[in-house]
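Index from 1, following the sequence.
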Amino acid sequence: MTTAPAAGAGAPAPAPVAAPVAASGPSIGSLVLIRPDGSEGETFPLSATTTVGRDAAGPFASDSYLSPRHAEFRVSAGQATVVDLGSLNGVYVRIAPNTPTELPEGAIFRIGQEILRFERLAPAREAADGAEMMGSPDGGAIGRIRLVIGRETYGGTYCIPGTGMHLGRERGDVIFPEDGYVSGLHCRIHEEGGKVWLTDVGSSNGTFVRVRGESTVPTGSTLLMGQQLFRLEC
């Protein structure tokens, strides 16, 4: 039987392993990479405070849609606070299916590869002399969604009627027939109690809402950063 030489006795020193994230302190949580086929990939440790971005190693470093310092995770028992560090493309959290989630003014959400911004419609203003602006009647519209195609650049704009609207690939008031990641009927937007709500109606790939500043998310949540999906565990 042969015995491997001890370190320092002629054996090559092990190659250093780069930490996948900029962590401080012991691991108390993790981000689990979800591959496109739904299987689990690498697991990345999270300490009490961890910074993720293109400056880190692993798949973060090669994802050109991530900012160098993209987001910070502050982990406590059973949940984490996710802070967007001013990233270009944001951090998105998957909402629970069939559970209405409030859409505040300016909220950005994603279905498949489509990124959409919600905007309330401002009430019509009278001129200083009391004259009213002419225009088509809004029919009780509650707002609009705009397709985000670049920095401060928008594509199609769709009015949300008072009865609400559905989005999907094959059915709905707004459809995205070329996006294979959007379900046939994907989500609904409606108003109730003076608020506007977004509901995933059981889509395959989920509906994601962009974090505004910071957001507290429970363990088990699915997050989208850059072009990659992660499950939070803490």
Under 4.5 Å between side-chain heavy atoms, counting indirect links through other Ile/Leu/Val/Met/Phe/Trp/Tyr residues: same cluster for [X] and [Y] or not?
X    : Y    : answer
F109 : I95  : yes
L229 : V91  : no
V174 : I111 : yes
V32  : V217 : no
I160 : L185 : no

Over all atoms of both residues, closest heavy-atom pair of [X] and [Y]:
X    : Y    : value
M225 : A71  : SD-CB, 4.5 Å
A61  : A56  : CB-O, 3.0 Å
P104 : R212 : CG-NH1, 3.2 Å
P161 : C159 : CD-O, 3.4 Å
G90  : D84  : CA-OD2, 3.4 Å
C234 : A80  : SG-N, 4.2 Å

Identify, with sequence neighbours excluded, every residue that meets ring-ring contact (aromatic ring centres under 6.0 Å, His included) alongside F118.
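If we apply the ring-ring contact (aromatic ring centres under 6.0 Å, His included) test to F118, skipping adjacent residues, there are no hits.
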Would you compute the distance between atom [atom1] of [X] and atom [atom2] of [Y] and round it to the nearest 0.5 angstrom?
X    : Y    : atom1 : atom2 : result
T51  : R74  : OG1   : CZ    : 9.5 Å
L103 : K195 : CG    : NZ    : 12.0 Å
S221 : L31  : OG    : CG    : 11.0 Å
L224 : I34  : CG    : CD1   : 12.0 Å
R69  : D55  : CZ    : CG    : 8.0 Å
I142 : E192 : CD1   : CD    : 11.0 Å

Looking at [Y], is its backbone amide N or carbonyl O close enough to the side chain of [X] to form a donor-acceptor pair, meaning the two atoms are under 3.5 Å apart?
X    : Y    : answer
S47  : T49  : yes
R110 : G112 : yes
S204 : S183 : no
R169 : V182 : yes

Could you tell me whether the side chain of [Y] reaches within less than 4.5 Å of the side chain of [X], counting heavy atoms only?
X    : Y    : answer
E233 : T43  : no
R146 : E119 : yes
C187 : L198 : yes
H190 : T199 : yes
R144 : L121 : yes

More than 12 non-hydrogen atoms from neighbouring residues, nucleotides or ligands closer than 6.0 Å to [atom1] on [X], yes or no?
X    : atom1 : result
Y154 : OH    : yes
E178 : CD    : no
Y181 : OH    : no

Between R54, H70, Q228, which is the residue that forms a side-chain hydrogen bond (donor to acceptor under 3.5 Å, both in side chains) with D63?
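Exactly one pass, corresponding to Q228.
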Please list, chain by chain and in numerical order, all residues satisfying side-chain contact (heavy atoms from CB on, under 4.5 Å) with P97, sequence neighbours excluded.
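P97 satisfies side-chain contact (heavy atoms from CB on, under 4.5 Å) with D200 only.
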Parallel, tilted or perpendicular: ring planes of F230 versus F60, cut at 30 and 60 degrees
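The arrangement is parallel - the two ring planes meet at less than 30°.
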Assess the residue pair L147 and L116 against the criterion (side chain to side chain contact (heavy atoms under 4.5 Å, CB included)); give the C-alpha distance rounded to whole Å, side-chain angles, the decisive distance to 0.1 Å, and a yes or no.
CA-CA 5 Å; L147 193 63; L116 298 138; 3.8 Å; yes
Go through it in stages, so that I can follow the logic: the residues are F73 and L223, the test is side chain to side chain contact (heavy atoms under 4.5 Å, CB included), and I'd like the CA-CA distance, side-chain angles, deciding distance and then a yes or no.
CA-CA 12 Å; F73 288 81; L223 297 97; 4.1 Å; yes
Trace of the side chain to side chain contact (heavy atoms under 4.5 Å, CB included) decision for L167 with E114:
CA-CA 11 Å; L167 290 75; E114 315 304 323; over 6 Å; no
Per the side chain to side chain contact (heavy atoms under 4.5 Å, CB included) rule, which among T207, I175, V201 passes with H186?
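Exactly one option meets the side chain to side chain contact (heavy atoms under 4.5 Å, CB included) with H186, and it is T207.
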Verdict with supporting geometry, L46 and L232, side chain to side chain contact (heavy atoms under 4.5 Å, CB included):
CA-CA 9 Å; L46 297 175; L232 171 69; 3.7 Å; yes
So does E191 pair up with R120, basic N to acidic O under 4.0 Å?
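Salt bridge: yes.
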